[in-house]
Amino acid sequence: MRLRSFFFSSIFSLSRSHSPSPSLPSSRLSSSLSAAMSPAPEKSRQGNGECNNDLKSKVTVVGSGNWGSVAAKLIASNALKLSSFHDEVRMWVFEELLPNGEKLTDVINKTNENVKYLPGIKLGKNVVADPDLENAVKEANMLVFVTPHQFMDGICKKLDGKITGDVEAISLVKGMEVKKEGPCMISSLISKQLGINCCVLMGANIANEIAVEKFSEATVGYRESREIADTWVQLFSTPYFMVTPVHDVEGVELCGTLKNVVAIAAGFVDGLEMGNNTKAAIMRIGLREMKALSKLLFPSVKDSTFFESCGVADVITTCLGGRNRRVAEAFAKSGGKRSFDELEAEMLQGQKLQGVSTAREVYEVLNHCGWVEMFPLFSTVHQICTGRLQPEAIVHYRDHKA
Ligand SMILES: NC(=O)c1ccc[n+]([C@@H]2O[C@H](COP(=O)([O-])OP(=O)(O)OC[C@H]3O[C@@H](n4cnc5c(N)ncnc54)[C@H](O)[C@@H]3O)[C@@H](O)[C@H]2O)c1
(Lines give C-alpha, C1' and ligand atoms only; values in the text may rest on other atoms or scores of the structure.)
Protein backbone atom coordinates (compact mmCIF):
# COMPACT_ATOMS: atom_id res chain seq x y z
CA MET A 1 0.00 0.00 0.00
CA ARG A 2 2.77 2.41 0.94
CA LEU A 3 4.62 1.34 -2.17
CA ARG A 4 1.57 2.02 -4.28
CA SER A 5 0.96 5.51 -2.95
CA PHE A 6 4.66 6.29 -3.43
CA PHE A 7 4.35 4.98 -6.96
CA PHE A 8 1.32 7.15 -7.67
CA SER A 9 2.84 10.27 -6.21
CA SER A 10 5.91 9.65 -8.37
CA ILE A 11 3.84 9.33 -11.52
CA PHE A 12 1.85 12.41 -10.82
CA SER A 13 4.80 14.52 -9.76
CA LEU A 14 6.48 13.33 -12.94
CA SER A 15 3.56 14.39 -15.05
CA ARG A 16 3.53 17.79 -13.37
CA SER A 17 7.22 18.43 -13.20
CA HIS A 18 8.89 16.80 -16.13
CA SER A 19 8.25 19.53 -18.56
CA PRO A 20 10.67 22.32 -17.94
CA SER A 21 9.44 25.83 -17.46
CA PRO A 22 6.75 26.43 -20.05
CA SER A 23 8.97 26.87 -22.98
CA LEU A 24 9.18 30.37 -24.22
CA PRO A 25 9.90 30.04 -27.86
CA SER A 26 13.38 31.00 -28.87
CA SER A 27 13.84 33.70 -31.43
CA ARG A 28 14.53 31.05 -34.06
CA LEU A 29 11.50 29.07 -33.04
CA SER A 30 9.24 32.07 -32.75
CA SER A 31 10.11 32.86 -36.33
CA SER A 32 8.98 29.33 -37.23
CA LEU A 33 5.93 29.80 -35.04
CA SER A 34 4.76 32.92 -36.76
CA ALA A 35 5.26 31.08 -40.01
CA ALA A 36 3.12 28.25 -38.65
CA MET A 37 0.34 30.61 -37.65
CA SER A 38 0.14 32.41 -40.94
CA PRO A 39 0.08 31.02 -44.46
CA ALA A 40 3.55 29.55 -44.75
CA PRO A 41 5.82 31.45 -47.11
CA GLU A 42 7.24 28.92 -49.49
CA LYS A 43 10.84 29.27 -50.51
CA SER A 44 10.08 28.73 -54.14
CA ARG A 45 7.59 31.61 -54.23
CA GLN A 46 9.10 34.03 -51.72
CA GLY A 47 12.80 33.45 -52.20
CA ASN A 48 15.26 32.17 -49.60
CA GLY A 49 16.00 35.63 -48.25
CA GLU A 50 12.49 35.78 -46.73
CA CYS A 51 13.73 34.71 -43.30
CA ASN A 52 17.08 35.77 -41.81
CA ASN A 53 19.39 32.74 -41.78
CA ASP A 54 20.17 33.16 -38.07
CA LEU A 55 16.47 33.02 -37.24
CA LYS A 56 15.76 29.85 -39.15
CA SER A 57 15.06 26.69 -37.26
CA LYS A 58 17.45 23.80 -37.71
CA VAL A 59 16.17 20.26 -37.40
CA THR A 60 18.02 17.09 -36.40
CA VAL A 61 16.42 13.66 -36.53
CA VAL A 62 17.88 11.38 -33.85
CA GLY A 63 17.42 7.91 -35.32
CA SER A 64 17.55 6.41 -38.78
CA GLY A 65 15.63 3.13 -38.75
CA ASN A 66 12.58 2.47 -40.90
CA TRP A 67 10.35 5.18 -39.38
CA GLY A 68 13.29 7.46 -38.60
CA SER A 69 14.25 7.53 -42.29
CA VAL A 70 10.66 8.24 -43.38
CA ALA A 71 10.43 11.03 -40.78
CA ALA A 72 13.63 12.53 -42.19
CA LYS A 73 12.15 12.37 -45.71
CA LEU A 74 8.93 14.14 -44.64
CA ILE A 75 10.83 16.84 -42.75
CA ALA A 76 13.41 17.32 -45.49
CA SER A 77 10.74 17.97 -48.12
CA ASN A 78 9.12 20.62 -45.90
CA ALA A 79 12.42 22.20 -44.82
CA LEU A 80 13.14 22.89 -48.47
CA LYS A 81 9.75 24.50 -49.01
CA LEU A 82 9.36 26.60 -45.85
CA SER A 83 11.43 29.71 -45.41
CA SER A 84 11.52 29.46 -41.59
CA PHE A 85 13.64 26.30 -41.66
CA HIS A 86 17.21 25.67 -42.75
CA ASP A 87 17.37 23.46 -45.82
CA GLU A 88 19.75 20.98 -44.23
CA VAL A 89 18.26 18.26 -42.01
CA ARG A 90 20.77 16.21 -40.00
CA MET A 91 20.01 12.58 -39.26
CA TRP A 92 21.96 10.79 -36.54
CA VAL A 93 22.83 7.27 -37.62
CA PHE A 94 23.78 4.46 -35.25
CA GLU A 95 26.80 3.45 -37.31
CA GLU A 96 26.78 -0.03 -38.79
CA LEU A 97 28.94 -1.85 -41.28
CA LEU A 98 27.04 -3.20 -44.27
CA PRO A 99 27.82 -6.70 -45.60
CA ASN A 100 30.12 -5.15 -48.28
CA GLY A 101 32.17 -3.48 -45.52
CA GLU A 102 30.94 0.06 -46.21
CA LYS A 103 29.68 2.28 -43.40
CA LEU A 104 25.92 2.87 -43.46
CA THR A 105 26.43 6.63 -42.98
CA ASP A 106 28.76 6.87 -45.99
CA VAL A 107 26.29 4.99 -48.17
CA ILE A 108 23.36 7.19 -47.09
CA ASN A 109 25.35 10.33 -47.88
CA LYS A 110 26.54 8.90 -51.21
CA THR A 111 23.24 7.47 -52.46
CA ASN A 112 20.70 9.56 -50.49
CA GLU A 113 19.11 6.28 -49.49
CA ASN A 114 19.05 4.30 -46.24
CA VAL A 115 19.85 1.03 -47.98
CA LYS A 116 19.46 -1.03 -44.81
CA TYR A 117 16.28 0.34 -43.21
CA LEU A 118 14.43 2.01 -46.10
CA PRO A 119 15.82 0.67 -49.37
CA GLY A 120 14.58 2.12 -52.64
CA ILE A 121 13.44 5.49 -51.22
CA LYS A 122 15.33 8.75 -51.75
CA LEU A 123 15.43 10.74 -48.52
CA GLY A 124 16.03 14.14 -50.09
CA LYS A 125 19.43 15.60 -50.94
CA ASN A 126 19.23 17.94 -47.95
CA VAL A 127 19.37 15.02 -45.49
CA VAL A 128 22.89 14.68 -44.08
CA ALA A 129 23.66 11.46 -42.19
CA ASP A 130 25.95 11.91 -39.19
CA PRO A 131 27.26 9.06 -36.97
CA ASP A 132 28.40 11.48 -34.23
CA LEU A 133 25.42 12.09 -31.93
CA GLU A 134 26.83 15.19 -30.25
CA ASN A 135 27.82 16.77 -33.53
CA ALA A 136 24.46 15.92 -35.09
CA VAL A 137 22.49 17.83 -32.45
CA LYS A 138 24.86 20.70 -31.68
CA GLU A 139 23.36 23.31 -34.00
CA ALA A 140 19.76 22.13 -33.96
CA ASN A 141 16.96 23.86 -32.10
CA MET A 142 14.36 21.26 -33.11
CA LEU A 143 15.12 17.64 -32.19
CA VAL A 144 13.09 14.71 -33.48
CA PHE A 145 13.67 11.53 -31.46
CA VAL A 146 12.84 8.33 -33.33
CA THR A 147 14.71 5.21 -32.21
CA PRO A 148 13.48 1.98 -30.65
CA HIS A 149 12.60 2.85 -27.06
CA GLN A 150 15.17 0.57 -25.44
CA PHE A 151 17.97 2.85 -26.72
CA MET A 152 16.50 6.14 -25.52
CA ASP A 153 17.88 6.01 -21.99
CA GLY A 154 21.44 5.63 -23.34
CA ILE A 155 20.92 8.37 -25.95
CA CYS A 156 19.59 10.80 -23.34
CA LYS A 157 22.53 10.01 -21.05
CA LYS A 158 24.96 10.75 -23.90
CA LEU A 159 23.23 14.06 -24.58
CA ASP A 160 22.97 15.07 -20.92
CA GLY A 161 24.41 18.58 -20.55
CA LYS A 162 24.99 18.89 -24.30
CA ILE A 163 21.71 20.58 -25.22
CA THR A 164 21.86 24.30 -24.63
CA GLY A 165 19.74 27.25 -25.62
CA ASP A 166 16.08 27.15 -26.53
CA VAL A 167 15.53 23.74 -27.97
CA GLU A 168 12.25 21.97 -28.59
CA ALA A 169 11.86 18.21 -29.00
CA ILE A 170 9.31 15.78 -30.33
CA SER A 171 9.28 12.03 -29.72
CA LEU A 172 8.08 9.54 -32.32
CA VAL A 173 9.20 6.70 -30.05
CA LYS A 174 6.54 4.18 -29.11
CA GLY A 175 7.38 2.66 -25.74
CA MET A 176 8.18 3.47 -22.15
CA GLU A 177 10.82 2.92 -19.52
CA VAL A 178 9.94 1.31 -16.23
CA LYS A 179 12.01 2.79 -13.44
CA LYS A 180 11.86 1.75 -9.81
CA GLU A 181 9.60 4.70 -9.08
CA GLY A 182 7.16 3.72 -11.84
CA PRO A 183 6.65 4.06 -15.58
CA CYS A 184 8.39 6.87 -17.37
CA MET A 185 7.11 7.87 -20.79
CA ILE A 186 9.85 8.59 -23.33
CA SER A 187 8.78 12.23 -23.69
CA SER A 188 9.24 12.57 -19.91
CA LEU A 189 12.64 10.92 -20.09
CA ILE A 190 13.72 13.42 -22.76
CA SER A 191 12.28 16.39 -20.87
CA LYS A 192 13.76 15.41 -17.53
CA GLN A 193 17.16 14.37 -18.74
CA LEU A 194 17.72 17.13 -21.28
CA GLY A 195 15.68 19.92 -19.68
CA ILE A 196 13.63 20.60 -22.80
CA ASN A 197 9.94 20.58 -23.65
CA CYS A 198 8.89 17.51 -25.62
CA CYS A 199 5.80 16.93 -27.76
CA VAL A 200 4.94 13.53 -29.26
CA LEU A 201 3.82 12.36 -32.70
CA MET A 202 1.99 9.02 -32.95
CA GLY A 203 -0.57 7.55 -35.31
CA ALA A 204 -1.59 4.85 -37.75
CA ASN A 205 1.76 5.04 -39.48
CA ILE A 206 3.31 1.98 -41.01
CA ALA A 207 6.50 3.60 -42.25
CA ASN A 208 6.82 1.75 -45.56
CA GLU A 209 3.39 2.97 -46.67
CA ILE A 210 4.17 6.62 -45.87
CA ALA A 211 7.53 6.21 -47.61
CA VAL A 212 5.67 5.63 -50.89
CA GLU A 213 3.35 8.54 -50.12
CA LYS A 214 0.12 6.67 -49.41
CA PHE A 215 -2.30 8.89 -47.49
CA SER A 216 -2.30 8.60 -43.70
CA GLU A 217 -2.93 10.66 -40.57
CA ALA A 218 -0.98 11.30 -37.38
CA THR A 219 -1.54 13.03 -34.03
CA VAL A 220 0.78 15.50 -32.33
CA GLY A 221 0.33 15.55 -28.55
CA TYR A 222 1.41 18.74 -26.82
CA ARG A 223 1.57 19.92 -23.25
CA GLU A 224 1.57 23.70 -22.99
CA SER A 225 2.14 25.56 -26.17
CA ARG A 226 -0.27 25.17 -29.05
CA GLU A 227 2.08 27.34 -31.09
CA ILE A 228 4.91 24.85 -30.74
CA ALA A 229 2.54 22.03 -31.65
CA ASP A 230 1.58 23.98 -34.77
CA THR A 231 5.23 24.29 -35.75
CA TRP A 232 5.64 20.52 -35.52
CA VAL A 233 2.44 20.02 -37.48
CA GLN A 234 3.78 22.30 -40.18
CA LEU A 235 7.13 20.50 -40.27
CA PHE A 236 5.56 17.05 -40.75
CA SER A 237 2.43 17.76 -42.81
CA THR A 238 2.28 16.94 -46.49
CA PRO A 239 -0.73 16.36 -48.75
CA TYR A 240 -0.38 12.63 -48.01
CA PHE A 241 0.41 12.98 -44.27
CA MET A 242 -2.26 14.83 -42.33
CA VAL A 243 -1.27 15.80 -38.79
CA THR A 244 -3.67 16.97 -36.05
CA PRO A 245 -2.59 18.56 -32.75
CA VAL A 246 -4.16 17.32 -29.50
CA HIS A 247 -3.63 18.83 -26.04
CA ASP A 248 -2.83 15.51 -24.35
CA VAL A 249 0.79 14.33 -24.43
CA GLU A 250 0.27 11.36 -22.13
CA GLY A 251 -2.87 10.14 -23.91
CA VAL A 252 -1.25 10.27 -27.33
CA GLU A 253 1.97 8.66 -26.14
CA LEU A 254 0.26 5.88 -24.19
CA CYS A 255 -1.89 5.05 -27.23
CA GLY A 256 1.26 4.68 -29.36
CA THR A 257 2.96 2.59 -26.69
CA LEU A 258 0.18 0.26 -25.57
CA LYS A 259 -1.15 -0.57 -29.02
CA ASN A 260 2.01 -2.61 -29.67
CA VAL A 261 0.85 -5.06 -26.96
CA VAL A 262 -2.55 -5.36 -28.67
CA ALA A 263 -0.70 -6.02 -31.96
CA ILE A 264 1.07 -9.00 -30.39
CA ALA A 265 -2.31 -10.39 -29.30
CA ALA A 266 -3.67 -9.89 -32.84
CA GLY A 267 -0.65 -11.78 -34.21
CA PHE A 268 -1.40 -14.75 -31.93
CA VAL A 269 -4.98 -14.79 -33.24
CA ASP A 270 -3.72 -14.77 -36.83
CA GLY A 271 -1.14 -17.48 -36.17
CA LEU A 272 -3.85 -19.69 -34.69
CA GLU A 273 -6.22 -18.84 -37.59
CA MET A 274 -8.97 -17.80 -35.22
CA GLY A 275 -10.64 -15.52 -37.75
CA ASN A 276 -11.88 -11.96 -38.08
CA ASN A 277 -14.46 -11.92 -35.29
CA THR A 278 -11.84 -13.00 -32.77
CA LYS A 279 -9.40 -10.41 -34.05
CA ALA A 280 -12.04 -7.68 -33.79
CA ALA A 281 -12.79 -8.80 -30.21
CA ILE A 282 -9.08 -8.62 -29.34
CA MET A 283 -8.85 -5.13 -30.84
CA ARG A 284 -11.90 -3.94 -28.88
CA ILE A 285 -10.72 -5.40 -25.58
CA GLY A 286 -7.23 -4.10 -26.24
CA LEU A 287 -8.46 -0.59 -26.95
CA ARG A 288 -10.51 -0.63 -23.77
CA GLU A 289 -7.50 -1.76 -21.71
CA MET A 290 -5.40 0.97 -23.36
CA LYS A 291 -7.90 3.59 -22.29
CA ALA A 292 -8.36 2.21 -18.78
CA LEU A 293 -4.63 1.95 -18.05
CA SER A 294 -3.87 5.37 -19.56
CA LYS A 295 -6.50 6.97 -17.35
CA LEU A 296 -5.34 5.16 -14.23
CA LEU A 297 -1.78 6.33 -14.83
CA PHE A 298 -2.73 9.86 -15.94
CA PRO A 299 -6.25 11.00 -15.03
CA SER A 300 -5.78 13.98 -17.36
CA VAL A 301 -5.90 11.69 -20.42
CA LYS A 302 -8.89 12.59 -22.61
CA ASP A 303 -11.44 10.12 -23.99
CA SER A 304 -11.40 11.94 -27.33
CA THR A 305 -7.70 11.09 -27.83
CA PHE A 306 -8.68 7.44 -28.41
CA PHE A 307 -10.65 8.50 -31.49
CA GLU A 308 -7.67 10.25 -33.07
CA SER A 309 -5.23 8.59 -35.43
CA CYS A 310 -3.00 7.66 -32.46
CA GLY A 311 -5.87 5.67 -30.89
CA VAL A 312 -8.34 3.52 -32.74
CA ALA A 313 -6.70 4.01 -36.16
CA ASP A 314 -3.28 2.88 -34.93
CA VAL A 315 -4.82 -0.16 -33.22
CA ILE A 316 -6.46 -1.14 -36.50
CA THR A 317 -3.44 -0.67 -38.75
CA THR A 318 -1.04 -2.34 -36.35
CA CYS A 319 -3.34 -5.34 -35.88
CA LEU A 320 -3.70 -5.70 -39.64
CA GLY A 321 -0.24 -4.99 -40.91
CA GLY A 322 2.48 -4.12 -38.39
CA ARG A 323 5.72 -5.95 -37.66
CA ASN A 324 4.65 -6.88 -34.09
CA ARG A 325 1.61 -8.66 -35.49
CA ARG A 326 3.70 -10.43 -38.11
CA VAL A 327 6.32 -11.78 -35.69
CA ALA A 328 3.67 -12.77 -33.11
CA GLU A 329 1.86 -14.70 -35.86
CA ALA A 330 5.05 -16.66 -36.56
CA PHE A 331 5.51 -17.26 -32.82
CA ALA A 332 1.98 -18.70 -32.50
CA LYS A 333 2.46 -20.81 -35.65
CA SER A 334 5.53 -22.38 -34.03
CA GLY A 335 3.38 -23.23 -30.99
CA GLY A 336 5.51 -20.86 -28.91
CA LYS A 337 8.60 -23.02 -29.54
CA ARG A 338 10.66 -20.38 -31.38
CA SER A 339 11.72 -17.41 -29.30
CA PHE A 340 10.78 -13.83 -30.17
CA ASP A 341 14.50 -12.93 -30.24
CA GLU A 342 15.16 -15.59 -32.84
CA LEU A 343 12.13 -14.60 -34.93
CA GLU A 344 12.98 -10.88 -34.68
CA ALA A 345 16.51 -11.50 -35.95
CA GLU A 346 15.28 -13.73 -38.77
CA MET A 347 12.27 -11.71 -39.93
CA LEU A 348 13.16 -8.06 -39.29
CA GLN A 349 16.80 -7.70 -40.47
CA GLY A 350 17.88 -5.28 -37.77
CA GLN A 351 14.50 -3.62 -37.19
CA LYS A 352 13.29 -3.91 -33.64
CA LEU A 353 10.13 -5.36 -32.13
CA GLN A 354 8.56 -3.15 -29.50
CA GLY A 355 5.47 -5.10 -28.41
CA VAL A 356 7.21 -7.87 -26.45
CA SER A 357 9.30 -5.52 -24.31
CA THR A 358 6.34 -3.17 -23.85
CA ALA A 359 4.20 -6.13 -22.69
CA ARG A 360 6.87 -6.90 -20.07
CA GLU A 361 7.08 -3.27 -18.98
CA VAL A 362 3.28 -2.98 -18.75
CA TYR A 363 3.15 -6.23 -16.76
CA GLU A 364 5.72 -4.86 -14.30
CA VAL A 365 3.52 -1.81 -13.76
CA LEU A 366 0.34 -3.91 -13.40
CA ASN A 367 2.03 -6.29 -10.99
CA HIS A 368 3.50 -3.45 -8.95
CA CYS A 369 0.09 -1.78 -8.64
CA GLY A 370 -1.96 -4.94 -8.06
CA TRP A 371 -3.84 -4.39 -11.33
CA VAL A 372 -3.01 -7.65 -13.14
CA GLU A 373 -6.58 -8.99 -12.83
CA MET A 374 -8.02 -5.79 -14.25
CA PHE A 375 -6.04 -6.11 -17.49
CA PRO A 376 -6.43 -9.70 -18.70
CA LEU A 377 -5.36 -9.06 -22.28
CA PHE A 378 -2.18 -7.16 -21.40
CA SER A 379 -1.25 -9.73 -18.71
CA THR A 380 -1.98 -12.72 -20.94
CA VAL A 381 0.14 -11.34 -23.79
CA HIS A 382 3.15 -11.07 -21.47
CA GLN A 383 2.63 -14.57 -20.09
CA ILE A 384 2.42 -16.04 -23.58
CA CYS A 385 5.55 -14.14 -24.67
CA THR A 386 7.48 -15.55 -21.71
CA GLY A 387 6.24 -19.12 -22.28
CA ARG A 388 4.14 -19.33 -19.11
CA LEU A 389 0.97 -19.72 -21.20
CA GLN A 390 0.35 -21.22 -24.62
CA PRO A 391 -0.65 -18.88 -27.50
CA GLU A 392 -4.22 -20.32 -27.33
CA ALA A 393 -4.60 -18.62 -23.95
CA ILE A 394 -5.10 -15.33 -25.76
CA VAL A 395 -8.85 -16.03 -25.75
CA HIS A 396 -9.02 -18.03 -22.52
CA TYR A 397 -9.52 -15.40 -19.93
CA ARG A 398 -12.41 -13.77 -18.23
CA ASP A 399 -13.04 -10.22 -19.35
CA HIS A 400 -12.85 -8.23 -16.14
CA LYS A 401 -14.10 -4.95 -17.57
CA ALA A 402 -11.01 -2.88 -16.86
N1 LIG B 1 8.60 1.35 -38.49
C2 LIG B 1 7.39 1.81 -38.35
O3 LIG B 1 6.51 1.56 -39.19
C4 LIG B 1 7.06 2.71 -37.19
C5 LIG B 1 5.93 3.50 -37.29
C6 LIG B 1 5.61 4.35 -36.25
C7 LIG B 1 6.43 4.40 -35.12
N8 LIG B 1 7.53 3.61 -35.05
C9 LIG B 1 8.37 3.75 -33.86
O10 LIG B 1 9.52 4.49 -34.21
C11 LIG B 1 10.61 4.13 -33.36
C12 LIG B 1 11.83 3.86 -34.21
O13 LIG B 1 11.57 2.76 -35.04
P14 LIG B 1 12.20 2.57 -36.48
O15 LIG B 1 11.21 1.84 -37.28
O16 LIG B 1 12.71 3.87 -37.00
O17 LIG B 1 13.50 1.68 -36.14
P18 LIG B 1 13.88 0.21 -36.73
O19 LIG B 1 13.33 -0.83 -35.82
O20 LIG B 1 13.55 0.14 -38.18
O21 LIG B 1 15.46 0.20 -36.67
C22 LIG B 1 16.22 -0.02 -35.54
C23 LIG B 1 17.12 1.18 -35.39
O24 LIG B 1 17.82 1.06 -34.15
C25 LIG B 1 19.19 1.38 -34.38
N26 LIG B 1 20.02 0.76 -33.35
C27 LIG B 1 20.43 -0.53 -33.25
N28 LIG B 1 21.19 -0.67 -32.14
C29 LIG B 1 21.22 0.55 -31.54
C30 LIG B 1 21.83 1.04 -30.36
N31 LIG B 1 22.54 0.25 -29.54
N32 LIG B 1 21.65 2.34 -30.03
C33 LIG B 1 20.92 3.16 -30.81
N34 LIG B 1 20.31 2.75 -31.96
C35 LIG B 1 20.47 1.46 -32.30
C36 LIG B 1 19.44 0.84 -35.76
O37 LIG B 1 20.60 1.42 -36.32
C38 LIG B 1 18.17 1.31 -36.48
O39 LIG B 1 18.30 2.64 -36.88
C40 LIG B 1 10.13 2.95 -32.53
O41 LIG B 1 9.72 3.40 -31.26
C42 LIG B 1 8.91 2.45 -33.28
O43 LIG B 1 7.96 1.84 -32.42
C44 LIG B 1 7.88 2.79 -36.08
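Indexing begins at 1, ligand by ligand and atom by atom, following the structure's order.
- Qualifying side chain to side chain contact (heavy atoms under 4.5 Å, CB included) partners for E177, counting only residues two or more places apart in sequence or in other chains: D153, K179, C184, I186, L189.
- Between E139 and K58 there is a salt bridge, with a side-chain nitrogen of the basic residue lying less than 4.0 Å from a carboxylate oxygen of the acidic one.
- Considering D130, N126, T60 in turn, D130 is the only one that fulfils the side-chain hydrogen bond (donor to acceptor under 3.5 Å, both in side chains) rule with R90.
- Within 4.0 Å of ligand 1, protein heavy atoms come from S64, G65, N66, W67, G68, W92, F94, E96, Y117, V146, T147, P148, F151, L172, V173, K174, N205, I206, A207, R323, G350, Q351, K352, Q354.
- For an aromatic pair to be called close, the ring centres must be under 6.0 Å apart, and F331 with F268 satisfies this.
- For residues 223-251, the pairs satisfying ring-ring contact (aromatic ring centres under 6.0 Å, His included) are Y222-H247, with sequence neighbours left out.
- Contacts of P131 classified as side chain to side chain contact (heavy atoms under 4.5 Å, CB included), with partners at least two apart in sequence or in another chain: E95, T105.
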